[in-house]
Amino acid sequence: MHEIQLHNTLSGKVEPLLPLKPGQVGMYTCGPTVYDYAHIGNYRTFVFQDILRRFLKWRGLKLNHVMNLTDVDDRIITNAAAAGVGIREYTEKYVQAFFADCKTLNIEAPEHWIRATDHINDMVALIQKLQQNTYTYPSEGSLYYRIAKFKDYGKLSKVDLSGIQAGARVDNDRYEKESARDFALWKAPKPGEHFWETPIGAGRPGWHIECSAMAMKYLGETLDIHTGGIDLAFPHHENEIAQSEAATGKPFVRYWLHAEHLLVEGEKMSKSLGNFFTLRDLFAKGYKPSALRFALASVPYRRQLNFTFDGLQQATSSVERLRNFAARLKSEKFPVGNQRGMAERIAQAANDYDAGLSDDLNTARALAAMFDFVREANIAMDKGEFRQGDVAAALEFLESFDKVFAVLQDTDGERLKELGFGSGEGGVDDAEIEKLVGERQAARARRDFAASDRIRKELADRGIILEDTKDGKVRWKRK
RNA sequence: GGCGCGGUACCCAAGUGGUAAGGGAGAGGUCUGCAAAACCUUUAUGCGUGAGUUCGAUUCUCACCCGCGCCUCCA
């Protein structure tokens with residue numbers, strides 16, 4: 001086991017992870033704003049968070065992971081009003097879609113999935129605390145945060161406020177503010193808008209306050225890890241720090257982790273460029289969830305990931321190679337005993353794998369360790385040197401790999417079906433496959449290869465691939 | 001302009017002051033009744049460009065070029 005090292009945006013360095021309470025990690029990850037279906041760029045970040053989550057758990061840390069769902073913001077209010085429904089009703093569809101997408105991508109549920117609108121009181125309480133500490137000022141019914149009073153402002157994103165002049169183009173807000181960088185904690189309601197009646201007045205929360213309030217409610221005033229997309233570092237996370245630390249006087253977060261963005265064909269993904277994809281768009285084109293997860297996970301999170309369909313195809317092949325190996329390990333019968341040196345080799349591969357992930361979640365390195373082992377074990381099997389006694393250890397390594405990567409289980413079909421893709425019909429059940437395989441084996445036995453190939457072709461057309469193995473048996477898989 | 005990330009083979013990508021992991025793709029081959037899978041060989045004297053430091057640089061320094069992100073809502 002290697003020491004877990006993570007890149008902390010706060011220090012700009014890779015640091016050893018030393019949780020506040022040894023053995024336990026409190027982690028807050030910024031989730032989606034549920035005004036529409038989340039896109040693959042969002043999922044790049046969510047998959048990164050999931051890899052982090054799974055890795056920490058696999059390493060035996062007790063994890064308390066909170067993910068928020070932002071279900072109140074300008075876009076939601078606008079869209080809900082346009083649709084003539086309440087914001088809760090409007091967002092529900094996208095919340096459910098998000099949960100379904102996560103399940104499809106094998107993104108584990110965090111310990112707490114929470115919604116902003118369920119925590120208005122917590123936000124109000126936090127704002128009141130800021131009022132007491134005189135970090136706020138009112139203006140036209142709204143409440144603003146006075147950045148000038150928070151001397152550490154900019155420590156996360158390294159922004160230099162000295163160059164920012166009030167009235168510069170950053171000031172798009174219609175409200176009166178003391179300084180251009182000041183941000184709204186609580187927004188006065190506009191006519192017809194959804195609002196909450198609270199001790200600090202009628203209105204709705206500003207964007208940043210929800211994360212401060214909810215993170216501290218569930219994880220305490222100082223949390224170990226907070227993550228999100230790189231774009232959130234400023235201003236969102238910077239403002240979270242300002243709010244939280246001004247209220248408590250304590251460090252808000254010890255490790256800030258930010259995922260780089262995903263590009264599509266080298267360009268920023270945007271609806272106007274026509275390179276904007278949701279998961280459903282890709283599944284409709286026939287790509288598998290496991291392939292997308294692999295594609296998103298295989299590039300280390302601090303690198304921009306250039307998403308291409310060619311890359312998705314490459315990921316598909318990589319996943320197949322791993323699954324083929326797992327299937328071979330499980331189905332082939334090897335000679336009894338243990339191969340000399342194989343146990344040590346497996347231990348070494350597992351060690352290299354752990355070293356990769358421990359190094360700031362270097363998934364590419366971890367995968368290389370996995371693939372190295374796959375090749376070596378295949379060679380041993382081809383030579384007839386691999387022994388049955390080593391199967392268990394090899395499988396154990398594969399399982400530990402999949403605890404984090406989660407791509408080996410061949411459940412793509414089922415998961416897609418749950419999402420509404422791939423009609424139930426046309427599927428071939430196992431019994432029928434076994435029956436046809438039996439018929440083909442009989443044909444082969446009497447060297448009737450025409451009949452044999454006909455059956456293989458028929459199954460192939462229905463998505464079943466047959467592989468004849470050395471020991472005369474047949475292994476099949478779904479394409 | 002400020003802050004930040006990156007430019008490694010056809011594609012994705014790791015990496016180190018001592019001579020380039022891994023995956024995908026292509027080509028040839030082994031195995032197979034034929035396939036599939038697997039395996040073998042092959043594809044960067046080269047790591048954006050130029051200069052410097054060094055016995056030695058892809059790895060360090062400087063300059064430059066190019067791509068991308070943030071600075072305004074954004075994963």
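A note on names: the letters A, B, ... follow the listed sequences, proteins ahead of strands, and every chain is numbered from 1.
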S.K.: Residues two or more places apart in sequence or in another chain: which of them pass side-chain hydrogen bond (donor to acceptor under 3.5 Å, both in side chains) with A/Asn106?
M.R.: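 A/Asn106 satisfies side-chain hydrogen bond (donor to acceptor under 3.5 Å, both in side chains) with no other residue.
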S.K.: Applying the Watson-Crick and G-U wobble criteria at under 3.5 Å, what pairs with B/C70? Answer none if nothing qualifies.
M.R.: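 Across all strands, the one nucleotide that pairs with B/C70 is B/G2.
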S.K.: Not counting sequence neighbours, which residues clear side-chain contact (heavy atoms from CB on, under 4.5 Å) with A/Val474? List them please.
M.R.: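 Applying side-chain contact (heavy atoms from CB on, under 4.5 Å) to A/Val474 gives A/Val437, A/Arg440, A/Gln441, A/Arg444, A/Leu466, A/Asp468.
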S.K.: To the side chain of A/Ala368, which of B/G22, B/C71, B/A13 is closest?
M.R.: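 The answer is B/G22, which lies nearest to the side chain.
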S.K.: Shorter than 3.5 Å, N or O on both sides, protein versus nucleotides 1-8 of chain B: list them out with atom names.
M.R.:
none

S.K.: Would A/Phe276 and A/His39 count as a ring pair (Phe, Tyr, Trp, His ring centres under 6.0 Å) here? Give the steps.
M.R.: CA-CA 7 Å; A/Phe276 184 95; A/His39 54 67; 5.1 Å; yes
S.K.: How close or far is atom P of B/C12 from atom CG of A/Asn306, stated in whole angstroms?
M.R.: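 In whole Å, B/C12 P and A/Asn306 CG are 7 Å from each other.
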S.K.: How would you list, by chain and number, every residue that makes a salt bridge (Lys or Arg N to Asp or Glu O under 4.0 Å) with A/Arg54, sequence neighbours excluded?
M.R.: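 Only A/Asp50, A/Glu108 meet the salt bridge (Lys or Arg N to Asp or Glu O under 4.0 Å) criterion with A/Arg54.
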S.K.: With a cut-off of 3.5 Å and sequence neighbours excluded, list every side-chain donor-acceptor pair involving residues 309-316 of chain A.
M.R.:
{"unit_1": "A/Asp310", "atom_1": "OD2", "unit_2": "A/Gln314", "atom_2": "NE2", "d": "3.1"}
{"unit_1": "A/Thr316", "atom_1": "OG1", "unit_2": "A/Leu312", "atom_2": "O", "d": "2.8"}

S.K.: Restricting to pairs with a member in residues 230-244 of chain A, which pass salt bridge (Lys or Arg N to Asp or Glu O under 4.0 Å), not counting sequence neighbours?
M.R.: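 The answer is none; no pair qualifies.
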S.K.: Partners of A/Phe46 by ring pair (Phe, Tyr, Trp, His ring centres under 6.0 Å), sequence neighbours excluded?
M.R.: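 A/Tyr43, A/Phe98.
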S.K.: Check nucleotides 23-25 of chain B against the protein and report each pair of N or O atoms closer than 3.5 Å, with its distance, or say if there are none.
M.R.:
{"unit_1": "B/G23", "atom_1": "O2'", "unit_2": "A/Ser318", "atom_2": "OG", "d": "2.3"}
{"unit_1": "B/G23", "atom_1": "N2", "unit_2": "A/Gln314", "atom_2": "OE1", "d": "2.6"}
{"unit_1": "B/G24", "atom_1": "O3'", "unit_2": "A/Ser317", "atom_2": "OG", "d": "3.4"}

S.K.: Listed by chain and number, what are the ring pair (Phe, Tyr, Trp, His ring centres under 6.0 Å) partners of A/Phe334, not counting sequence neighbours?
M.R.: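 Partners of A/Phe334 by the ring pair (Phe, Tyr, Trp, His ring centres under 6.0 Å) criterion, ordered by chain and then number, come out as A/Phe386.
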S.K.: Mind listing the residues from residues 40-48 of chain A sitting with a heavy atom below 4.0 Å of RNA chain B? Number order is fine.
M.R.: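 The answer is A/Gly41, A/Asn42, A/Thr45.
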S.K.: Considering residues at least two apart in sequence or located in another chain, which fulfil the side-chain contact (heavy atoms from CB on, under 4.5 Å) criterion with A/Thr33?
M.R.: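 Residues passing side-chain contact (heavy atoms from CB on, under 4.5 Å) with A/Thr33: A/Tyr35, A/Thr70, A/Asp73, A/Arg75, A/Ile76.
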S.K.: Can you pull out every salt bridge (Lys or Arg N to Asp or Glu O under 4.0 Å) where at least one residue sits in residues 25-37 of chain A? Sequence neighbours excluded, please.
M.R.: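 Passing the test, one end in residues 25-37 of chain A: A/Asp36-A/Lys271.
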S.K.: Please classify the nucleic acid contact of A/Gly266 as base, sugar-phosphate, or nothing, using heavy-atom distances under 4.0 Å.
M.R.: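 The residue A/Gly266 makes sugar-phosphate contact but no base contact.
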S.K.: Name the nucleic acid region contacted by A/Leu305, choosing base, sugar-phosphate or nothing; use a 4.0 angstrom heavy-atom cut-off, strictly under.
M.R.: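 Counting heavy atoms under 4.0 Å across all strands, no contact is made by A/Leu305.
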